[in-house]
Protein chains: 2
Amino acid sequence: MSPKYENLKIKNQICFPLYACSREIIKQYKPFLDEIDLTYTQYLVMMVLWERQALTVKELGNCLYLDSGTLTPLLKKMESKGLLSRKRSEKDERSLIVSVTEAGMQLRERAADIPEKMASCTNLDPQDAAALYRILYQLLDCFTSSEENE
Amino acid sequence: MSPKYENLKIKNQICFPLYACSREIIKQYKPFLDEIDLTYTQYLVMMVLWERQALTVKELGNCLYLDSGTLTPLLKKMESKGLLSRKRSEKDERSLIVSVTEAGMQLRERAADIPEKMASCTNLDPQDAAALYRILYQLLDCFTSSEENE
DNA sequence: TTTAAATCAATTGTGCACAATTAAATTTTG
DNA sequence: CAAAATTTAATTGTGCACAATTGATTTAAA
């Protein structure tokens with residue numbers, strides 16, 4: 001029974017609040033990330049490297065849903081800051097292996113309290129946080145599984 | 001009892017899936033938006049204009065959580081495509097009024113089936129969609145209300 | 001095994017986002 | 001009223017995102 005253009009109203013979109021919310025939260029990160037001289041995307045790369053130490057650009061892209069067009073210049077910048085090193089794989093010269101440096105690992109100490117600081121920025125209760133987490137990964141999953149044959 | 005760096009793991013972040021999901025959904029829009037020659041951000045502007053016909057850059061920015069640095073060049077581009085017109089307010093010369101044109105209104109017809117096409121891209125059940133919607137707007141609200149005294 | 005297809009990172013070009021600054025117009029204050 | 005503060009859009013500069021292409025390398029097929 002909805003009027004013809006009801007579905008085109010902003011308030012009936014699900015992607016818009018997702019997009020707006022994502023950007024607003026990243027803005028909240030900024031003052032904390034400024035202290036350790038990282039952008040949000042660089043922070044994501046460091047989080048992966050802190051866990052994995054070394055992986056290829058391809059693997060990093062799979063982790064973060066980013067392609068080489070985004071990662072190549074980002075990683076070069078981070079290499080010049082001394083956070084990571086880049087070298088071709090000996091097993092497969094097509095692949096480039098990104099490895100965290102000692103300085104990169106040390107940055108983890110200075111980042112350790114960021115998640116806690118960020119948590120206090122929101123009024124999200126544990127149930128809602130869990131629901132949000134589950135739904136978002138379900139959505140992500142349905143997009144990645146639709147690419148399996150590409 | 002979590003290890004020291006547990007909170008820095010990608011899998012324990014809530015912003016990351018939000019950020020990734022937002023971009024993945026916008027990618028799903030692309031083929032549909034290409035047909036009517038709009039980017040996702042331009043589509044958001046048009047959705048506001050289809051409902052409101054005319055409003056200032058400031059009001060548009062409040063609707064979309066975007067500032068003039070993003071909107072000014074975007075709106076100039078859309079003006080050159082004939083979708084909207086830009087003129088200063090007579091009541092207040094600081095404000096610029098953005099108005100949808102006839103061609104802009106006509107585009108609504110061609111966009112009308114996009115929401116339906118997009119809905120079929122996801123496996124989101126109605127309860128989850130409603131929960132996601134509620135939680136995201138609650139989050140957005142908590143960021144905007146923290147700016148009240150700026 | 002030579003050729004063809006696939007994979008991977010890099011490059012190119014376009015389009016946002018956004019912080020910070022500027023400049024014009026308006027409102028508020030003293 | 002006149003000066004100061006505020007508001008608004010535009011500008012400038014930086015940093016992603018991403019589609020499309022390129023080029024080198026590897027794998028698969030004929």
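Worth knowing before you read on, the calculation uses all heavy atoms, side chains too, and leaves out hydrogens, waters and symmetry mates. Residue numbering restarts at 1 for every chain, and letters A, B, ... go by the order of the sequence lines. All figures in this text were calculated on a predicted structure; none of them were measured in a lab.
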Query raised in the report: Within the structure shown, what part of the strands sits under 4.0 Å from A/Ser68 by heavy-atom distance: base, sugar-phosphate, or nothing?
Result: base
Query raised in the report: Taking B/Asp67 for the side chain and B/Gly61 for the main chain, is one N or O donor matched with an acceptor at less than 3.5 Å?
Result: no
Report summary line: Whole-Å distance, A/Asp67 CG to D/dT21 C1', equals 13 Å
Query raised in the report: Would you find a donor on one side and an acceptor on the other, under 3.5 Å apart, between the side chain of A/Gln13 and the backbone of A/Asn7?
Result: yes
Report task. May I have the distance from B/Glu24 (atom CD) to D/dA17 (atom P), rounded to whole angstrom? Result -> 12 Å
Requested in this report: Using a 4.5 Å cut-off on heavy atoms from C-beta on, say whether the side chain of B/Val45 contacts that of B/Leu75.
Outcome: yes
Query raised in the report: So, B/Tyr19 versus A/Tyr40, ring centres under 6.0 angstrom or not?
Result: yes
Query raised in the report: Separation of A/Glu93 atom CD from D/dT26 atom C1', in whole Å?
Result: 11 Å
Report summary line: Of the listed C/dA9, C/dA19, D/dT7, the closest approach to the A/Arg88 side chain comes from C/dA9
Query - Selection: residues 8-20 of chain A, any non-hydrogen atom under 4.0 Å of DNA chain C - result: A/Tyr19
Query raised in the report: Is there side-chain contact between B/Val100 and B/Leu83, with at least one heavy-atom pair below 4.5 Å?
Result: no
Requested in this report: List in numerical order all residues of residues 46-60 of chain B for which some heavy atom is under 4.0 Å away from an atom belonging to DNA chain C.
Outcome: none
Query raised in the report: For D/dA10, does OP1 or OP2 lie under 4.0 Å from any side-chain N or O of B/Arg86?
Result: yes
Query raised in the report: Between A/Arg23 (CZ) and C/dA19 (P), how many Å, whole number?
Result: 10 Å
Only distances under 3.5 Å count here; give the side-chain donor-acceptor pairs of residues 102-112 of chain B to other protein atoms, sequence neighbours excluded, each with its distance to 0.1 Å.
unit_1, atom_1, unit_2, atom_2, d
B/Glu109, OE1, A/Lys4, NZ, 3.1
B/Glu109, OE1, A/Tyr5, OH, 2.7
B/Glu109, OE2, A/Lys4, NZ, 3.4
B/Arg110, NH2, B/Glu35, O, 2.9

Query - Any A/Leu84 side-chain heavy atom under 4.5 Å of A/Ser99 side chain - result: no
Query raised in the report: Any ion pair linking A/Lys76 and A/Glu79 (charged N to carboxylate O, less than 4.0 Å)?
Result: no
Query raised in the report: Side chains of B/Ile25 and B/Thr122: does their closest heavy-atom pair fall under 4.5 Å?
Result: no
**Report entry** B/Lys87 NZ to D/dT8 P, straight-line distance once rounded to whole Å
**Finding:** 18 Å
Query raised in the report: Atom CG of B/Leu66 and atom P of C/dA19: how far apart are they, to the nearest Å?
Result: 12 Å
Query raised in the report: Could you give the CD1-to-C1' distance, from A/Ile26 to D/dG15, as a whole number of Å?
Result: 12 Å
Query - Distance-minimising heavy-atom pair for B/Glu59 and B/Thr56 - result: OE1-N, 2.9 Å
Requested in this report: May I ask whether A/Ile97 and A/Trp50 are part of the same hydrophobic cluster, defined by side-chain heavy atoms of I, L, V, M, F, W, Y residues being less than 4.5 angstrom apart, directly or through others?
Outcome: no
Report task. Output, in order, the C-alpha distance, side-chain angles, deciding distance and verdict of side chain to side chain contact (heavy atoms under 4.5 Å, CB included) for B/Tyr43 and B/Phe32. Result -> CA-CA 11 Å; B/Tyr43 175 60; B/Phe32 307 130; over 6 Å; no
Query raised in the report: Hey, mind stepping through B/Glu51 and A/Leu8 against side chain to side chain contact (heavy atoms under 4.5 Å, CB included) and telling me if it holds?
Result: CA-CA 9 Å; B/Glu51 283 186 71; A/Leu8 281 177; over 6 Å; no
Tabulate atom names and distances for all N/O pairs under 3.5 angstrom spanning the protein and nucleotides 1-3 of chain C.
none

Query raised in the report: Any side-chain heavy atom of A/Ser89 within less than 4.5 Å of one from A/Lys91?
Result: yes
Query raised in the report: A/Asp92 has an atom CG; how far is it from atom C1' of D/dT27, in whole Å?
Result: 10 Å
Query raised in the report: Regarding A/Gln42 and A/Lys81, is there a side-chain donor-to-acceptor distance under 3.5 Å anywhere?
Result: yes
Query raised in the report: Between residues 69-78 of chain B and DNA chain D, which residues have a heavy-atom gap below 4.0 Å?
Result: B/Gly69, B/Thr72, B/Lys76
Report summary line: Residues in residues 30-44 of chain A with a heavy atom under 4.0 Å of DNA chain D, by number, are A/Thr39, A/Thr41, A/Gln42
Query raised in the report: So, do A/Lys11 and A/Glu6 sit near enough that their side-chain heavy atoms are less than 4.5 Å apart?
Result: yes
